[in-house]
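In what follows, a structure is listed as structure tokens, so that the remarks can point back to it.
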Amino acid sequence: AWGKGTDGRLGLGDEYNRWKPSNICLEEHGITQSIDRVICGSASTGLLTSNGKCWLWGSNFSNQLMSTMDPFILKPTKLSATNPKSVIALAFGEYHTIAVGGDGVIYTWGDGSKGQLGHGTKESQKEPKAIEALKGSRIRFIAAGEFCSACVADPGTLYCWGSGPLGLGSNRLSTKVPEQVKLPMDRLALQIALSPDHAVCVTKIEGSVTNAIFAWGKASRGKLGVGDDVTDEKHVPVMIESMQNVVVQQVRSLCDI
């Protein structure tokens with residue numbers, strides 16, 4: 001790991017910056033299985049192993065990593081919550097975390113002040129809690145924005161909640177429970193990426209091998225890719241016309257820089 005070390009986000013046992021890659025000795029922290037993936041948030045980091053175990057480190061000011069009095073975790077620490085038993089996907093918001101268990105159930109914890117946990121309240125959670133509104137849905141993809149969250153459930157239904165670029169219309173700028181985002185032309189969602197003020201979603205039509213990309217939120221600096229004036233804002237998904245009938249492997253969205 002390398003870069004800014006504030007809050008222990010590098011997992012090297014301190015808060016010093018690193019100017020070149022520095023080794024995290026995994027065996028020292030009990031990580032013996034092969035690494036499936038590493039997930040980075042703005043100040044938190046997670047690691048998933050091939051057997052579904054989860055290690056977390058970095059900022060913990062809102063208990064978005066684990067229930068402890070420590071405001072930050074300097075070294076990789078195993079998630080020891082009762083549920084989920086295993087973790088297959090992980091995403092970090094500014095102060096909250098989303099995970100998908102091996103059973104396809106979605107869990108959230110951390111700061112809930114903007115409704116971003118999806119539990120119907122603005123209460124925070126110190127431990128992973130399953131979202132009741134999505135009970136029975138098998139989750140295929142998750143994403144976290146600054147104060148909002150999203151997921152794709154089988155067979156391709158997109159849900160958003162919290163406060164931010166939700167895509168629910170100009171009269172639905174925040175919600176405390178997951179609500180379905182209506183995609184044009186009966187398209188199925190595959191992936192979504194959230195930034196603090198805009199979102200990008202990869203979709204497909206059943207049976208097609210090509211994709212279409214939709215975006216919504218603030219259009220300043222051309223970040224939506226839909227060619228509108230920089231002062232315009234889209235509250236529902238709008239197709240990026242220049243990217244029709246392409247094959248997309250992955251989509252990501254960063255902060256407004």
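Numbers here are sequence positions counted from 1. Only this structure's heavy atoms are used, side chains among them; waters, hydrogens and symmetry mates stay out.
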Write down the atom of W161, the atom of P178, and the distance for their closest heavy-atom approach. CE3-CB, 3.6 Å
Without swapping roles, check the side chain of T210 against the backbone of V247 for a donor-acceptor pair under 3.5 Å. no
Under the 3.5 angstrom rule, does the side chain of R187 hit a backbone N or O of P184 as a donor-acceptor pair? no
Donor-acceptor pair between H96 and S149 side chains, under 3.5 angstrom: yes
Listing request: all salt bridge (charged side-chain N to carboxylate O under 4.0 Å, His left out) pairs with a residue in residues 175-185, at least two apart in sequence or in separate chains. R172-E179
Does the R140 side chain pair with the main chain of A189, one donor and one acceptor, at a distance under 3.5 Å? no
Shortest non-hydrogen contact from L56 toward F92: CD2-CZ, 3.8 Å
Identify each donor-acceptor pair in which a side-chain atom of residues 163-171 lies under 3.5 Å from a protein atom, sequence neighbours left out, and give them as a table.
none

Over all atoms of both residues, closest heavy-atom pair of H198 and L224: CB-CD2, 3.7 Å
For the side chain of W57 and the backbone of T45, is there at least one donor-acceptor N/O pair under 3.5 Å apart? no
Judged by atom type as modelled, is there a donor-acceptor pair below 3.5 Å linking the side chain of N60 to the main-chain atoms of D70? yes
Under the salt bridge (charged side-chain N to carboxylate O under 4.0 Å, His left out) rule, what pairs show up with a residue in residues 24-33, not counting sequence neighbours? none
Any donor-acceptor N/O pair, T203 side chain to A212 backbone, under 3.5 Å: yes
Which atom pairs, donor and acceptor, lie under 3.5 Å between side-chain atoms of residues 73-89 and protein residues at least two apart or in another chain?
from : atom 1 : to   : atom 2 : distance (Å)
T77  : OG1    : K75  : O      : 3.0
K85  : NZ     : T82  : O      : 3.4
S86  : OG     : G102 : N      : 3.4

Tell me which pairs pass salt bridge (charged side-chain N to carboxylate O under 4.0 Å, His left out) where either residue lies in residues 160-169, with sequence neighbours left out. none
Begin from the C-alpha positions of Q116 and D111 and carry the test side-chain contact (heavy atoms from CB on, under 4.5 Å) through to its verdict. CA-CA 8 Å; Q116 64 265 50; D111 176 42; 3.2 Å; yes
side-chain contact (heavy atoms from CB on, under 4.5 Å) evaluation trace for Y107 with E127: CA-CA 9 Å; Y107 297 82; E127 298 278 353; over 6 Å; no
Determine the minimum heavy-atom distance between D7 and A43, stating which atoms define it. OD2-CB, 4.0 Å
Between W109 and Q64 (side chain of the first, backbone of the second, donor and acceptor by atom type, cut-off under 3.5 Å), is there such a pair? yes
Give a yes or no answer on whether the side chain of T121 reaches the backbone of E123 with a donor-acceptor pair at less than 3.5 Å. yes
List for me each residue that meets side chain to side chain donor-acceptor pair (under 3.5 Å) alongside R18, sequence neighbours excluded, and say none if there are none. D14
Rounded to the nearest 0.5 Å, how far does CG of L183 lie from CG of L188? 8.5 Å
Quick check: are there more than 12 heavy atoms from other residues, nucleotides or ligands sitting under 6.0 Å from CD of E132? no
Would you check if there is a donor-acceptor pair between the side chains of S50 and S34 at a distance under 3.5 Å? yes
Hey, is the main chain of S59 close enough, under 3.5 Å, to the side chain of S44 for a donor-acceptor pair? yes
Closest non-hydrogen atom pair between H119 and A130, with its separation: CE1-O, 3.5 Å
Taking atom CG of N211 and atom CD of Q191, what is their separation to the nearest 0.5 Å? 9.0 Å
